[in-house]
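Have a look at the structure below, then the notes.
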Protein chains: 2
Amino acid sequence: MNSLSSDVRLPLYQRLRDHLAQQIANNRWRPGEAIPTEAALSAEYQLSTGTVRKAVDALVSEGILERQQGRGTFIRRPQFQSSLFRFFRFQTAAGERQVPESRILSIEPVTAPSAVAQALGLPLEAPVIRIVRVRLLEVQPVLAEEIWLPRSRFQALLEIDLNRQGPLLYPIYEEVCGQVVAYAEETLTAESVNHLHARLLQVPVNSPVVVIERLARDYAGTPLEWRRSRGHAEHFRYSVDIR
Amino acid sequence: MNSLSSDVRLPLYQRLRDHLAQQIANNRWRPGEAIPTEAALSAEYQLSTGTVRKAVDALVSEGILERQQGRGTFIRRPQFQSSLFRFFRFQTAAGERQVPESRILSIEPVTAPSAVAQALGLPLEAPVIRIVRVRLLEVQPVLAEEIWLPRSRFQALLEIDLNRQGPLLYPIYEEVCGQVVAYAEETLTAESVNHLHARLLQVPVNSPVVVIERLARDYAGTPLEWRRSRGHAEHFRYSVDIR
DNA sequence: GAGTGGTCTAGACCACTCA
DNA sequence: GAGTGGTCTAGACCACTCA
C-alpha cells in the first residue's frame, strides 16, 4: 500500500493522475513498458477501480499512456513522423507517403542567441548545439531546418556521424543521448523566402514559404529542442477541426 | 421509460450517445437549452448514472454539450470568434483583441462552380449564394473572404441588408435562416497574392498571404457553408500542440 | 486458463446553483 | 432547501491476449 502526496483538496483521480505523471517524468518506466495493472493500482492506493480508470483515462487522452485490452497499459512512444505528414503532403508519384531523407549540412557547438536561449529556457550564451539540414524527397529539397539543442544533454551527438543514421532525429536522441521527446508545440507562419533559404530549397527568391517553429519537451515539460523549418508553400496543406 | 434503437452490439453508453446526438441533430433542443438531467436520463433509459455520465462525457468532449455544475447540461452554442483568433493576431495598438469589422462587397445568387458544388455536396450548377467581403481592423483590411452557401437554406439572406448587421455571420445564419453551424474544418496553405486580392488587402502584388479554406457543417454533418479567406502573412500566427 | 482492460450497476455523499 | 452535476465505492461480468 502506498499513498498520494499531492494537494488533498484535489479529487483522488486527479491526485493519482499527477502521481503517475510524476513517476513517468522520472523515468520509472521506459517508453513501451507497461505500468501496473488497474487491479494492482487499486490495491496499492486503496482506490476503487472506477477511480483508477479515471486517472488512467486522463493520461491516455493526454497521449502519455496507451491501453491494449487484454495486455496492459503502456508508456506511449511518441510518433512524430505523423505530425510531419499533417503539414506537408510529401508523396511520391505513385501517391504513397514517405519519410523525407535527411542531409545534415552542419552540426557545431555554439553559444545560444537570445531567441534560442529564451525558447529553450537557458541563460543567454549558454552552450548549445546547432544543426542545419535539408529534407529531400526523390532528390528534391522540401524542407530546410535549423535545430537547436542544449549541449548539456546532447553532447554525445557531436561524437557520431548523423549522416550515417536514419532521417528521424527523435529516435537518435533517445538511443544516443537518452532524451525522450514527449510533447511539442508548433507555430505556423508564412513569409517570402530569402536568398539563403531559396538556394537550399531550390525555389525562386521571394516565393512564399511556410515557416514552422517547433518547441519539443520531455515528459517533465523541460524544453529539449527548438527548431525552425521552412518549406515551399506548394507542398504545404494543414487541416484542423473546429468546434 | 424509453429504449435505445441503434446496433445492440455497441456498448450502452455508445448507443445512448448516438441516440442523444441524433436528437440534437433533429433540433429536439435549441442551442443554449438544457437536456434532461442525469437522473432523468437514468430513469428514462433504465441505465445506471455511471453509464449515462459516460455517454454525456463523450458529447461534452466532442464539444456538443456543456456541463454546468448545479445548473444542468446544455446544448453548446459554438463560439467561432475564438477560432479566428487562433489564426490571426488581430490586436489594437493597446494590445486588446477585437472582432474585425465586416464590409460586404457583393452578395448574389449564382450557380455553383464545380469546386464549390463538390465542397458543399451539391450537384454541379446547383443554386448557391456568393458573398464577397473584407474584414477590417481600424480601417486596415486584414482578411478578404469569399463565401458560398446553398440557396435552398439561405434564400432569406438575399432579402436583408447584411451591411446593417454585426460582423459575425453565424449568428445571422441562425436568426435569419434558422441554420446552426456546429462544426467546421479548416485547411491552411500559403500563396503569393494576385492583383485582385492585393488590391482588396492593400498589400503589394506577390507578397505572401495565408489562405484558409473552411467547410462548416450543421449538427447532422450536412455542409452549410464553404469559405476561402486570405490574409497577409505578417498578421498570421497559428499554434498547435502535438503528442 | 490466468491475467488484462472494457462495460456496467446501484447506489452514497459532496459542491454548487438558484429561488 | 430542492435540484443539479462531480466524485467515489465495491464490486460483477465480458472480451481479449497469451502461454
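A quick note: this is a predicted structure, and the numbers were derived from the prediction, not measured. Within every chain, numbering begins at 1; the chains are lettered A, B, ... in the order of the sequence lines, protein sequences first and strands thereafter.
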Worksheet item: Whole Å only: how far is the CD1 atom of B:Ile35 from the C1' atom of D:dG5?
Response: 11 Å
Worksheet item: Within this structure, what is the CG-to-P distance between A:Asp57 and C:dC8, rounded to whole angstrom?
Response: 14 Å
Item to complete: Send over the distance from A:Arg17 CZ to D:dT7 P, rounded to a whole Å.
Response: 14 Å
Response to the item:
When B:Gly70 and A:Arg71 are each assigned the nearest nucleotide of DNA chain C, the 5'-most assignment goes to A:Arg71
Worksheet item: Starting at CZ of A:Phe74 and ending at P of C:dT4, how long is that distance when rounded to a whole Å?
Response: 11 Å
Worksheet item: Can you check the B:Gln46 CD to C:dT7 P distance for me, whole Å?
Response: 22 Å
Discussion item. Could you walk me through whether A:Glu101 and A:Arg103 satisfy the salt bridge (Lys or Arg N to Asp or Glu O under 4.0 Å) test, starting with their C-alpha distance in whole Å, then the side-chain angles of each, then the deciding distance to 0.1 Å, before giving a yes or no?
Written reply: CA-CA 7 Å; A:Glu101 290 167 68; A:Arg103 182 180 302 156; 5.6 Å; no
Fill in: Side chain A:Arg17, main chain A:Ala58, donor-acceptor under 3.5 Å
no
Practice prompt. Give the nucleotide from the list D:dT9, C:dC8, D:dT7 with an atom nearest to the side chain of B:Ser48.
Written response: C:dC8
Worksheet item: Think A:Lys54 has a side-chain N or O under 4.0 angstrom from the OP1 or OP2 of D:dC8?
Response: no
Worksheet, complete the sentence: Pairs under 3.5 Å (Watson-Crick or G-U), crossing ones as [ ], inter-strand ones as |: DNA chain D comes out as ||||||||||||||||||.
Worksheet item: Rounded to the nearest 0.5 Å, how far apart are CD1 of A:Ile129 and CH2 of A:Trp148?
Response: 11.5 Å
Worksheet item: What distance separates B:Leu169 CG from B:Cys177 SG, expressed to the nearest 0.5 Å?
Response: 10.5 Å
Worksheet item: Under a 4.0 Å N-O cut-off, is there an ion pair linking B:Arg67 with B:Asp57?
Response: yes
Discussion item. Please compare B:Gly72 and A:Tyr13 by the position of their nearest nucleotide in DNA chain D and report the one closer to 5'.
Written reply: B:Gly72
Worksheet entry | Gap between atoms CD and P, on B:Glu38 and D:dG6 respectively (whole Å) | 6 Å
Worksheet item: Can B:Glu62 and B:Tyr183 be said to form a side chain to side chain donor-acceptor pair (under 3.5 Å), step by step?
Response: CA-CA 10 Å; B:Glu62 289 170 57; B:Tyr183 315 102; 4.8 Å; no
Worksheet item: Roughly how many Å is it from CG in B:Leu65 to C1' in D:dG5, rounded to a whole number?
Response: 13 Å
Practice prompt. Under 4.0 Å between any heavy atoms, over every strand shown, what does A:Thr73 touch: base, sugar-phosphate, or nothing? Just pick one.
Written response: sugar-phosphate
Discussion item. Under the salt bridge (charged side-chain N to carboxylate O under 4.0 Å, His left out) test against A:Glu186, which residue among A:Arg228, A:Arg227, A:Arg214 passes?
Written reply: A:Arg214
Response to the item:
To the nearest angstrom, the CG-C1' distance between B:Leu41 and D:dG5 comes to 12 Å
Discussion item. Using only modelled atom types and a 3.5 angstrom limit, is any donor from either the side chain of A:Thr37 or the base of C:dG5 paired with an acceptor on the other?
Written reply: no
Worksheet, complete the sentence: Taking for B:Gln68 and for A:Gln68 the nucleotide of DNA chain D with the nearest heavy atom, the one nearer the 5' end belongs to B:Gln68
Worksheet item: Closer to the 5' end of DNA chain C via nearest nucleotide, is it A:Gln69 or A:Gly50?
Response: A:Gln69
Practice prompt. May I ask you to evaluate whether A:Arg53 reaches the phosphate of C:dG5, defined as a side-chain N or O under 4.0 Å from OP1 or OP2?
Written response: no
Item to complete: Using only side-chain N and O atoms of A:Thr49, determine if any of them is under 4.0 Å from OP1 or OP2 of D:dA10.
Response: no
Worksheet, complete the sentence: Between A:Leu224 and A:Leu149, the two heavy atoms sitting closest are O-CD2, 3.6 Å
